[in-house]
Amino acid sequence: MSLRGFGNSYLEDEEEEEENYEQSTSSQSASARGSHVEWQLYEGERWLSIGNDHVIETHYCQPGAKGMNIYPSHMGQVYIDFDQIEAQNAAMSVRRLTFLPQAQSEDIGWYFKDDLIWREYGSLGPGQGSSSVSSGDVERQYILRPQGTFHFTVGRNSYTLDFTAMTQTNSATRVQRNVRRRPKFNSVVSRNGSISIAQSAPTVIASPPPSAGYTWEFMGEEGVWIEYQTPSCSLESAGIERRYQKNPKGQICFKAGRYSYTLDFSGMCQTNVRIGTKRIVRRTQCEAQQTSSGGLGLRSRWQFQDVDGSWKDFAKRSDTCSVSSQDIEAQYQQNPNGTMNFTTRRFSYQLDFSALTQRNLSTQTTRSVRRLN
């Protein structure tokens, strides 16, 4: 049995009795989708594949993501805790399966929580000292002793990384920081040490006219999509799109601040030339183009949970709310991991698509939000 979508009905396949057969089927399914990963929920007596699980995987690979809500049909809301890989629902379990040849493994990133953002080990910039370890070094120690500790230095400071507590401690000041271990999106490592982008299933893309508007974005910290724009970057969306039209399988180089990057159209990722950090990239059609071509499906309904526990539709009225379900869906299609602001009669709110919450910007009251197909 497989769950074909978060909010859609399940499509039931024949029930399998042996888990090893289920995993074999899952492997074939993941391969058919061009993925080496599959997320599953356990309900009752069987593991169920989650359709559109690339959305979960995209969030999971971001070090700043704590977890996310999904809404499988007839199950209600299920929150997946990424740190523990567990569903915060006593009746369910969750797991993440990987399917790679023996000669390959996932490219793992290790991150510590700085004052504001999650930083990868070995990626410290100028003036921040030189770290004695990289993500690869930490991962090798973790494989040897997943419940142990690991000592390293940054400049003149010594640290201890506790794999059980997932913390790093400054040996002199005793300051502790949280640590996370996350795979790098769609990236695998061969035994010879080379890193490559996992091959995706072939996709047929109809070539749009040169005048069609597209936005190019990379995924920044905390899972937020950021558009390429000048002057902070040497290229903007229109320039990237022109290069893409000339060679959809090629690469381009650009600069942002003091760093140089390579954008790989085939792998849809950008790589920091100096420190090797990779970020996923996406190409989305601008709203005006999608609307005119009929490509934007706005049938989904957006609701918020009222104080009495009932779910109510967002309805656009001049005297009550500034947005409708269609407005929210249009914004969601443009940036499924972002936020949008709206107003009611007296208050302003922020709607967070990743957390599926709305927050009153004055009182900080938070309510649950859901998207129904």
Side-chain angles (χ1 to χ4, degrees), residues 3-10 39-43 48 50-60 62 64-94 96 219 221-225 297-317 319-373:
L3 316 190
R4 299 302 186 191
F6 298 155
N8 299 324
S9 300
Y10 299 160
W39 287 80
Q40 299 180 339
L41 284 175
Y42 187 78
E43 182 195 29
L48 310 173
I50 306 174
N52 296 323
D53 59 349
H54 64 279
V55 177
I56 303 176
E57 183 67 12
T58 299
H59 280 72
Y60 177 63
Q62 300 305 311
K66 297 179 181 179
M68 71 177 294
N69 289 310
I70 62 174
Y71 294 84
S73 298
H74 81 258
M75 288 186 184
Q77 175 178 302
V78 178
Y79 180 80
I80 300 177
D81 184 324
F82 288 154
D83 287 331
Q84 304 299 324
I85 307 294
E86 65 181 17
Q88 291 186 351
N89 183 319
M92 295 182 188
S93 299
V94 66
R96 176 181 180 270
M219 183 167 282
E221 301 298 337
E222 310 295 335
V224 176
W225 289 101
L298 299 179
R299 292 190 297 272
S300 295
R301 293 168 55 201
W302 285 84
Q303 299 178 324
F304 65 93
Q305 191 168 30
D306 210 345
V307 65
D308 61 356
S310 63
W311 289 96
K312 296 183 178 179
D313 289 341
F314 285 92
K316 188 174 184 178
R317 296 186 181 92
D319 60 338
T320 55
C321 183
S322 64
V323 294
S324 64
S325 281
Q326 290 77 14
D327 297 328
I328 297 172
E329 179 65 15
Q331 187 66 31
Y332 173 81
Q333 293 285 347
Q334 291 296 311
N335 188 359
N337 300 303
T339 61
M340 71 174 290
N341 293 342
F342 65 95
T343 59
T344 61
R345 185 178 301 154
R346 293 185 299 161
F347 297 107
S348 296
Y349 295 84
Q350 184 176 81
L351 197 159
D352 187 323
F353 294 133
S354 295
L356 282 173
T357 58
Q358 73 172 35
R359 178 169 57 90
N360 186 309
L361 298 180
S362 298
T363 67
Q364 301 303 310
T365 300
T366 301
R367 299 186 188 279
S368 295
V369 170
R370 68 181 182 182
R371 176 176 180 257
L372 302 176
N373 291 321

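Positions are given from 1, in the same order as the sequence printed here.
Taking CG from L361 and CZ from F342, the interatomic distance works out to 9.0 Å, rounded to the nearest 0.5 Å. How far CE of M68 is from CZ of F353: 13.0 Å, rounded to the nearest 0.5 Å. The OH atom of Y79 lies 12.0 Å from the OG atom of S368; values are rounded to the nearest 0.5 Å. To the nearest 0.5 Å, the span separating CD on Q84 from NZ on K66 amounts to 13.5 Å. Note: E329 CD to R301 CZ = 12.5 Å, rounded to the nearest 0.5 Å. Note that CE of M340 is 10.5 Å distant from CD of Q350, once rounded to the nearest 0.5 Å.
Looking only at distances, a side-chain donor or acceptor of S322 sits under 3.5 Å from a matching main-chain atom of T343.
The side-chain heavy atoms of L351 and Y332, taken from C-beta on, include no pair separated by under 4.5 Å. Put simply, the side chain of Q62 does not reach to within 4.5 Å of the side chain of N337, judged on heavy atoms.
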Criterion side chain to side chain contact (heavy atoms under 4.5 Å, CB included) on V94 and V78, from CA distance to verdict: CA-CA 10 Å; V94 66; V78 178; over 6 Å; no

Test side chain to side chain contact (heavy atoms under 4.5 Å, CB included) applied to T365 and Y349, step by step: CA-CA 9 Å; T365 300; Y349 295 84; over 6 Å; no

Check against side chain to side chain contact (heavy atoms under 4.5 Å, CB included), W302 and D327: CA-CA 10 Å; W302 285 84; D327 297 328; over 6 Å; no

Verdict with reasoning, Q77 to L356, per side chain to side chain contact (heavy atoms under 4.5 Å, CB included): CA-CA 10 Å; Q77 175 178 302; L356 282 173; over 6 Å; no

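With 3.5 Å as the limit, one finds no donor-acceptor pair spanning the side chains of R367 and Q305.
By the 4.0 Å N-to-carboxylate-O rule, R359 lies too far from D352 to be salt-bridged with it.
Residues that satisfy the ring pair (Phe, Tyr, Trp, His ring centres under 6.0 Å) test with Y60, not counting sequence neighbours, are W39, F82.
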